[in-house]
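Here's the structure, in structure tokens; my notes come after.
Note on naming: letters A, B, ... go to the chains in the order of the sequence lines (proteins, then strands), and numbering restarts at 1 for each one. All figures in this text were calculated on a predicted structure; none of them were measured in a lab.
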Amino acid sequence: MQSLCKTLPIMKRHRSKPSLTTTTAAAAAAPPTPSTPPPPQTLRPTPKPQSISSKKPRNILSHLTHPKPIPTHQQSPQTPKWVPLNLSKSELSLPLTFPTGQTFRWKQTDHHNHIQYTGVVGSHLVSLKQLEDGDVAYSFHHTANEAGARMALLDFLNAGICLADMWEGFSASDPRFAELARRLGGARVLRQDPLECLVQFLCSSNNNIGRITRMVDFISSLGNYLGTVGGLDFHEFPSLDRLSQVSEEELRKAGFGYRAKYIIGTVDALQSKPGGGAEWLASLREIDLQKAIDALSTLPGVGPKVAACIALFSLDQHQAIPVDTHVWQIATRYLIPELAGTHLTPKLCSRVADAFVSKYGKYAGWAQTLLFIAELPSQKTLLLSDSCISRCQKPVKQKGRRSSGPIDGDSSQKLGIEGQEADEKL
DNA sequence: CGGTAACCTGGGAT
DNA sequence: AATCCCAGGTTAC
């Protein structure tokens, strides 16, 4: 399909700078969308997944997408108007993109009629839903500049990058990838705001999805309120200035633990950057991966893993490979089996990254993303029920004891992926 | 330099 | 019910 995306013109993107306004009345809040029973607010351990990651710019599908109004033209704030994105299921699968660890700020806001996720892009509150035919449509809940918002959304989705073309290349050199790609189409890497991405991953270290999400929600609540969808409040991500007003004490009280000092320290470091912290982060999009990693690593709380996540998910560093325990499993199983059983060390991180890059090329990070998703318990469950891989995927060895079968049932919640929902519309 | 032990917190397993 | 273990790590010996 969309074979054209590949040839789309490449356009440099300008980032939206965080505003320092601390509160805006502009939030006319769009009341809960239709058919969605009032999901309880936050409270409990938010079981909902969300994740990270970001990508490059290059969008410009204007000629494909209809910037025009279009469908159900209901101006009523209650009834959002849905506009097609012109991205098919193979180019964008909501369940394989938003709850897979790239961002913790997008929430599923409709579990019934369609798969629907809601989040914030810049200052725009938007919902995305997967239609019956798999195509994705969007609806802004509160936006002055619809055209600008649309462009921001396409940029955020890395819409100018054609997944089908890219995966064709990966599949050609890797049969295993080809097999997974058939089932997991539309697993896209986002292009998030660098600061937003950085803070989210500072919260992620040695932590679990549920708590990371709560922490990110706390930080988010410091930003301008934009609206409520499906019972959930959405805020613009707070600016660096706003973040600098929070104390380590407050963060600790909010349950950040030792990560509180990481956030404070990083915010301070960024604010001391001559040209501005946001600008400094943005500049990392123009330099090569290693330099970007090195620069990010100077920030407190940012190590190899977090730096790679920020690079891949927000700095257009498509070849960045966030090496965590899961990726380590993948790597030692398929790429460098000779290292299976050994312990992951910082040095081996780059070894793994190199292995991925030499196999998949400059978009290795995107390939890694799919392979990672395939490792998620929810996906494994599907594969198992499918071809009964039973015990062939013996645990390559985890830190502790983990010998209870192929699918470790507890990790599903660590990763926060809803197994059941993930499959219904694949 | 490579290999460990703390580090906050909350939830599930033993 | 008390403990232990672990979570997509980072930092300090």
Side-chain angles (χ1 to χ4, degrees), chain A residues 42-47 49-53 99-104 189 197-218 248-266 269 293-294 296-313 320-332 339 342-353 356 365 368-369 371-379 395-405 408-417:
Chain A
T42 53
L43 311 177
R44 292 296 70 187
T46 5
Q50 261 76 10
S51 312
I52 49 171
S53 114
T100 53
Q102 296 187 64
T103 173
F104 298 88
V189 171
C197 190
L198 167 56
V199 175
Q200 290 188 81
F201 283 94
L202 277 178
C203 295
S204 77
S205 74
N206 193 29
N207 205 349
N208 59 71
I209 301 297
R211 189 152 78 110
I212 295 170
T213 301
R214 285 195 296 277
M215 290 162 66
V216 170
D217 284 345
F218 178 87
E248 177 178 340
E249 169 100 311
E250 292 176 276
L251 291 178
R252 282 198 175 256
K253 244 182 290 189
F256 281 65
Y258 59 82
R259 300 169 198 78
K261 64 178 180 297
Y262 290 165
I263 293 177
I264 298 303
T266 286
I293 297 279
D294 291 343
L296 290 170
S297 298
T298 64
L299 301 171
V302 178
K305 160 65 166 40
V306 169
C309 285
I310 297 166
L312 176 62
F313 301 138
I321 307 294
V323 182
D324 58 23
T325 58
H326 296 280
V327 172
W328 177 240
Q329 300 303 309
I330 297 172
T332 56
L339 293 180
T342 66
H343 192 28
L344 179 55
T345 64
K347 182 178 179 178
L348 286 179
C349 279
S350 52
R351 177 96 161 68
V352 172
F356 270 95
Q368 176 273 343
T369 294
L371 297 176
F372 173 77
I373 290 174
E375 289 296 306
L376 296 178
S378 59
Q379 299 308 327
V396 178
K397 163 265 162 204
Q398 279 278 46
K399 300 174 150 185
R401 49 76 180 93
R402 164 146 270 72
S403 48
S404 56
D408 45 12
D410 80 320
S411 64
S412 68
Q413 67 178 204
K414 299 174 181 177
L415 297 172
I417 302 303

So, do Trp328(A) and Leu348(A) sit near enough that their side-chain heavy atoms are less than 4.5 Å apart?
->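 In contact.
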Leu198(A) versus Val302(A): any side-chain heavy-atom pair under 4.5 Å?
-> yes
What's the closest nucleotide to the [X] side chain, out of [options]?
{"X": "Arg214(A)", "options": "dC8(B), dG8(C), dG10(B)", "answer": "dG10(B)"}
{"X": "Pro304(A)", "options": "dT10(C), dA7(C), dG9(C)", "answer": "dT10(C)"}
{"X": "Lys347(A)", "options": "dG2(B), dT10(C), dT9(B)", "answer": "dG2(B)"}
{"X": "Tyr262(A)", "options": "dT11(C), dG8(C), dG10(B)", "answer": "dT11(C)"}
{"X": "Arg252(A)", "options": "dG8(C), dT10(C), dC8(B)", "answer": "dC8(B)"}

Length of the [atom1]-[atom2] vector between [X] and [N], whole Å:
{"X": "Ile310(A)", "N": "dG8(C)", "atom1": "CD1", "atom2": "P", "result": "17 Å"}
{"X": "Glu249(A)", "N": "dC8(B)", "atom1": "CD", "atom2": "P", "result": "13 Å"}
{"X": "Ile263(A)", "N": "dG9(C)", "atom1": "CD1", "atom2": "P", "result": "16 Å"}
{"X": "Phe256(A)", "N": "dA7(C)", "atom1": "CZ", "atom2": "P", "result": "21 Å"}
{"X": "Ile209(A)", "N": "dC6(C)", "atom1": "CD1", "atom2": "P", "result": "18 Å"}
{"X": "Asn207(A)", "N": "dT11(C)", "atom1": "CG", "atom2": "P", "result": "16 Å"}
{"X": "Leu202(A)", "N": "dT11(C)", "atom1": "CG", "atom2": "P", "result": "10 Å"}
{"X": "Asp217(A)", "N": "dT9(B)", "atom1": "CG", "atom2": "P", "result": "18 Å"}

Canonical and wobble pairing (Watson-Crick, G-U, under 3.5 Å) of DNA chain B, dot-bracket with | | ..|||||.||||||
Has the side chain of Arg259(A) got a donor or acceptor that lies under 3.5 Å from a partner of the other kind on the base of dC7(B)?
->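 No.
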NA contact type, [X], heavy-atom cut-off 4.0 Å: base, sugar-phosphate, or nothing?
{"X": "Leu299(A)", "answer": "sugar-phosphate"}
{"X": "Val302(A)", "answer": "sugar-phosphate"}
{"X": "Lys261(A)", "answer": "sugar-phosphate"}

What distance, rounded to whole Å, do you find between the two [atom1] atoms, one in [N] and one in [M]?
{"N": "dC13(C)", "M": "dC8(B)", "atom1": "P", "result": "14 Å"}
{"N": "dC7(B)", "M": "dA2(C)", "atom1": "P", "result": "23 Å"}
{"N": "dG8(C)", "M": "dG3(B)", "atom1": "P", "result": "24 Å"}
{"N": "dA1(C)", "M": "dT9(B)", "atom1": "P", "result": "23 Å"}
{"N": "dC1(B)", "M": "dT11(C)", "atom1": "C1'", "result": "16 Å"}

N/O donor-acceptor pair under 3.5 Å between [X] side chain and [Y] backbone:
{"X": "Arg259(A)", "Y": "Phe256(A)", "value": "yes"}
{"X": "Thr266(A)", "Y": "Ile263(A)", "value": "no"}
{"X": "Gln200(A)", "Y": "Phe104(A)", "value": "yes"}

Between Gln368(A) and the options Ile373(A), Ile330(A), Ile321(A), the side chain to side chain contact (heavy atoms under 4.5 Å, CB included) test singles out Ile321(A)
Earlier contact from the 5' end, DNA chain C, for Val306(A) and Arg211(A) = Arg211(A)
Heavy-atom closest pair, residues Phe356(A) and Ala331(A) |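 Answer, listing the atom of Phe356(A) first, then Ala331(A): CE1-CB, 4.1 Å.
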Nearest 0.5 Å, what's the CG-OG1 distance between Leu296(A) and Thr298(A)?
-> 7.5 Å
